[in-house]
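What you are looking at is a predicted structure, and each value in this text was computed from that prediction instead of being measured. Index from 1, following the sequence. Atoms considered below: every heavy atom in the structure, side chains included; atoms not considered: hydrogens, waters and symmetry mates.
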Amino acid sequence: MCKDEKLKGSEIVARVLVRLPDEVKARPSQDTEDFLRKADYRGTGLPENGLSFLRRAILQTPEDLYGYIKSKKPMGFSECSLESLTDKGLKYKITGAKNEHLSVRCTDCNMIEDKDKGIVCRPEKSKEAGECPFFGIDPYDLNKLLKVIKKPVLKTKA
């Protein structure tokens, strides 16, 4: 599949919910913070390019989803159809070795790719990536749109 190909709107996509162990009680399920773009992504000093969603057609089990994330933190996930995101005007880039990852972008995203910097995300008429609405908490009301399938839970020792 070409990475620029449009996917079927009926395709199910998942948002993995990752928690620190002490957050599991304070944030036991999905909330608006799960749709907040990180200003300093994984300590790189660079902003996160978009919100990550995973394609359930490719990563079919919870273990597949969690294995993609590779975190030891408690995880859960929520789902919706791709169409419910695009109906809000959101855009996406298909990434990943198997085209399993979607970088979901704001309605105004410039969708530019730079061979040196990777995928650069910022609103079309803005000079700064920080002006993206995803830096504000849940501007598209995704918390109400996505259905929680599995809540993050602390792993118990066997």
Spacing of CG belonging to Asp108 relative to CD belonging to Glu124, to within rounding of 0.5 Å = 7.5 Å
message = So Leu54 and Leu102, do their side chains get closer than 4.5 Å, heavy atoms only?
response = no
message = Is it the case that the side chain of Tyr92 and the backbone of Leu7 share a donor-acceptor pair, with hydrogens and angles ignored and the cut-off at 3.5 Å?
response = yes
key: Joint cluster assignment, Phe77 & Leu59, ILVMFWY side-chain distance < 4.5 Å   = yes
query = So with a 6.0 Å cut-off around NZ of Lys151, is the heavy-atom count from everything else above 12?
reply = no
message = Using the rule that Ile, Leu, Val, Met, Phe, Trp and Tyr join whenever any side-chain heavy atoms are under 4.5 Å apart, tell me whether Ile94 and Leu90 fall into a single cluster.
response = yes
Val104 side chain reached by Phe35 side chain, heavy atoms, under 4.5 Å = no
message = Show the nearest heavy-atom pair for residues Glu11 and Ala57, with the distance to one decimal.
response = OE2-CB, 4.1 Å
query = Are the side chain of Arg27 and the backbone N or O of Arg19 linked by a donor-acceptor pair below 3.5 Å?
reply = no
Pairs under 3.5 angstrom only: tabulate donor-acceptor contacts from the side chains of residues 140-147 to other protein residues two or more places apart or in another chain.
from	atom 1	to	atom 2	distance (Å)
Tyr140	OH	Thr107	N	3.3
Asn143	OD1	Gln30	NE2	3.2

ask   = Does any donor atom in the side chain of Thr61 or Asp64 lie under 3.5 Å from an acceptor atom in the other side chain?
value = yes
ask   = Nearest 0.5 Å, what's the CG-CZ distance between Asn49 and Arg105?
value = 5.0 Å
query = Looking only at atom types and distance, does a side-chain atom of Lys91 sit under 3.5 Å from a main-chain N or O of Cys109, one as donor and one as acceptor?
reply = yes
remark   = The reported gap from CG in Leu85 to CZ in Arg15 (rounded to nearest 0.5 angstrom) is 10.5 Å
Output a table of donor-acceptor pairs, distance under 3.5 Å, between side-chain atoms of residues 66-75 and any protein atom two or more places apart or on a different chain; print 'none' if there are none.
from	atom 1	to	atom 2	distance (Å)
Ser71	OG	Lys73	N	3.0

ask   = Roughly how far, to the nearest 0.5 Å, is NZ of Lys6 from CG of Leu82?
value = 9.0 Å
Heavy-atom closest pair, residues Ser81 and Gly9 = CB-O, 3.6 Å
task = Would you kindly confirm whether Ile149 and Val18 end up in one hydrophobic cluster when ILVMFWY residues are joined by side chain heavy atoms under 4.5 Å apart?
result = yes
ask   = So how far is it from Arg37 CZ to Leu51 CG, rounded to the nearest 0.5 Å?
value = 8.0 Å
Sidechain-backbone polar pair: Glu100 side chain, Lys98 backbone, donor-acceptor under 3.5 Å = yes
ask   = Among Val13, Asp34, Val16, Leu17, which one satisfies side chain to side chain contact (heavy atoms under 4.5 Å, CB included) with Ser78?
value = Leu17
task = To the nearest 0.5 angstrom, please state how far the CD atom of Glu48 sits from the CZ atom of Phe135.
result = 7.5 Å
key: pair Cys132-Pro123: side-chain heavy atoms closer than 4.5 Å   = yes
